[in-house]
Amino acid sequence: DGGITQSPKYLFRKEGQNVTLSCEQNLNHDAMYWYRQDPGQGLRLIYYSQIVNDFQKGDIAEGYSVSREKKESFPLTVTSAQKNPTAFYLCASSDPGTGIYGYTFGSGTRLTVV
Amino acid sequence: QKEVEQDPGPLSVPEGAIVSLNCTYSNSAFQYFMWYRQYSRKGPELLMYTYSSGNKEDGRFTAQVDKSSKYISLFIRDSQPSDSATYLCAMIGQAGTALIFGKGTTLSVSS
């Protein structure tokens, strides 16, 4: 079955550590996205990528970095510069070239700072 | 003014009730409108997808878009306990950008 796989499901980070969240899709979608979800805040865009080797900052990119070396993969690194990283992180993909702009989401990674 | 406004609720209704969920927006460039359903600790799933103004029906769900008022709605008929979730509206104006989401409305349907 086609879909998006996020791993790990739960992640614990110590102060000062960088951690990387994995996102893989087998939908052959061109575009991929990272959102952060906090209680009462909705989904806030961190980064997005329309094609391989290209990505754009979203509304809250500070303290995060991404890469898009393969169409299927869009990993997110939460750096030590992100002061409040505890949140639920969602990866999504879409295929805007088809004129359909809806997203398919992964099941999320819950990151906790310990 | 935020681009997309959505009342977070919570909204509690008895089983069988008609539910109305709404979002307002400020950007007249938005053309595509969606509703996502998110169960606790899960990723959102696409529920309804509409283009421009008008109505779209799918089973117990009806999505309405009124671009002149910058207002979209989701109606759920004969609500069920399994409809208890957070409902997020989302919209986009053009290719090359990303969806803008409302904050989500938490719905609880009691049996």
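The figures here come from the full heavy-atom set of this structure, side chains too, leaving out hydrogens, waters and symmetry mates. Chain letters run A, B, ... following the sequence lines, proteins first, then strands; residues in each count from 1.
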Between [X] and chain B, which part of the residue has a heavy atom less than 4.5 Å away: side chain, backbone, both or neither?
X	answer
A/Y35	side chain
A/Q37	side chain
A/L45	side chain
A/R44	neither

Look at atom NZ of B/K67 and say whether more than 12 heavy atoms of other residues, nucleotides or ligands are closer to it than 6.0 Å.
yes
Main-chain N/O of A/A31 paired with A/S94 side-chain donor or acceptor, under 3.5 Å:
no
Is it true that a side-chain atom of B/T105 and a backbone atom of B/D7 form a donor plus acceptor pair closer than 3.5 Å?
yes
Does [X] reach the side chain of [Y], with side-chain heavy atoms less than 4.5 Å apart?
X	Y	value
A/Q17	A/S80	no
A/Y89	A/I46	yes
B/P81	B/E15	yes
A/V78	A/N18	no
B/N22	B/Y71	yes
A/Q6	A/E24	no
A/I51	A/R68	no

I need the A/L90 CG to B/F101 CZ distance, nearest 0.5 Å.
9.0 Å
Identify which one of A/K71, A/K70, A/M32 satisfies the side-chain contact (heavy atoms from CB on, under 4.5 Å) criterion when paired with A/V52.
A/K71
Which atoms of [X] approach chain A - backbone, side chain, both or neither, heavy atom under 4.5 Å:
X	value
B/P8	neither
B/E45	neither
B/L88	side chain

Write out, in numerical order, the residues from residues 46-61 of chain B with a heavy atom short of 4.5 Å from a heavy atom in chain A.
B/L46, B/Y49
Classify the ring geometry between A/F55 and A/Y47 as parallel (under 30°), tilted (30 to 60°) or perpendicular (over 60°).
perpendicular
Proximity of residues 57-65 of chain A to chain B, residues having a non-hydrogen atom under 4.5 angstrom
none
